[in-house]
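Data first, discussion second: the structure below is written as structure tokens.
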Amino acid sequence: MPWTSPEGKPCYLSTDGRGYLSNLANSIETVQLSMGQELLEYARDATAPGAKTLSATEYRWLARRLTEALADVLRVAESRGQRIPDQEVATEDA
């Protein structure tokens with residue numbers, strides 16, 4: 001699932017990939033990836049040669065948002081990776 005427990009640990013959904021919670025998790029993952037893409041575009045523009053220099057506070061804000069987006073993307077990748085069947089097991093089953 002694309003969120004963490006109150007202790008900061010990743011949450012995982014054990015399901016067949018259908019149902020309300022699966023759809024909710026997929027929707028949130030899609031939003032997180034989209035927001036990460038938008039933030040990346042902003043960061044590229046903000047750090048491009050000739051771009052207006054940001055203040056230290058603005059750079060810290062950008063670094064914090066990029067860190068959050070990276071954490072979201074890594075969580076999504078791990079979650080989706082767990083849903084991909086192991087190719088060796090799939091070959092053995094065939």
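- Taking 4.0 Å as the cut-off between side-chain N and carboxylate O, Arg44 and Glu41 do not count as a salt-bridged pair.
- With Leu33 as the partner, the side-chain contact (heavy atoms from CB on, under 4.5 Å) test is satisfied by one option alone out of Asp72, Val73, Ile28: Val73.
- Note on Met35: it does not cluster hydrophobically with Leu40, by side-chain heavy-atom contacts below 4.5 Å among ILVMFWY residues.
- In this structure, Thr30 contributes its side chain and Asn26 its backbone to a donor-acceptor pair below 3.5 Å.
- Atom NZ of Lys52 and atom CG of Leu54 lie 5.5 Å apart (nearest 0.5 Å).
- Here Leu66 contributes atom CG and Tyr59 contributes atom OH; the two are 12.0 Å apart, rounded to the nearest 0.5 Å.
- The nearest pair of heavy atoms linking Asp45 to Ala51 is O-CB, 3.3 Å.
- The two atoms that bring Gly36 and Ala69 nearest to each other are CA-CB, 4.1 Å, heavy atoms only.
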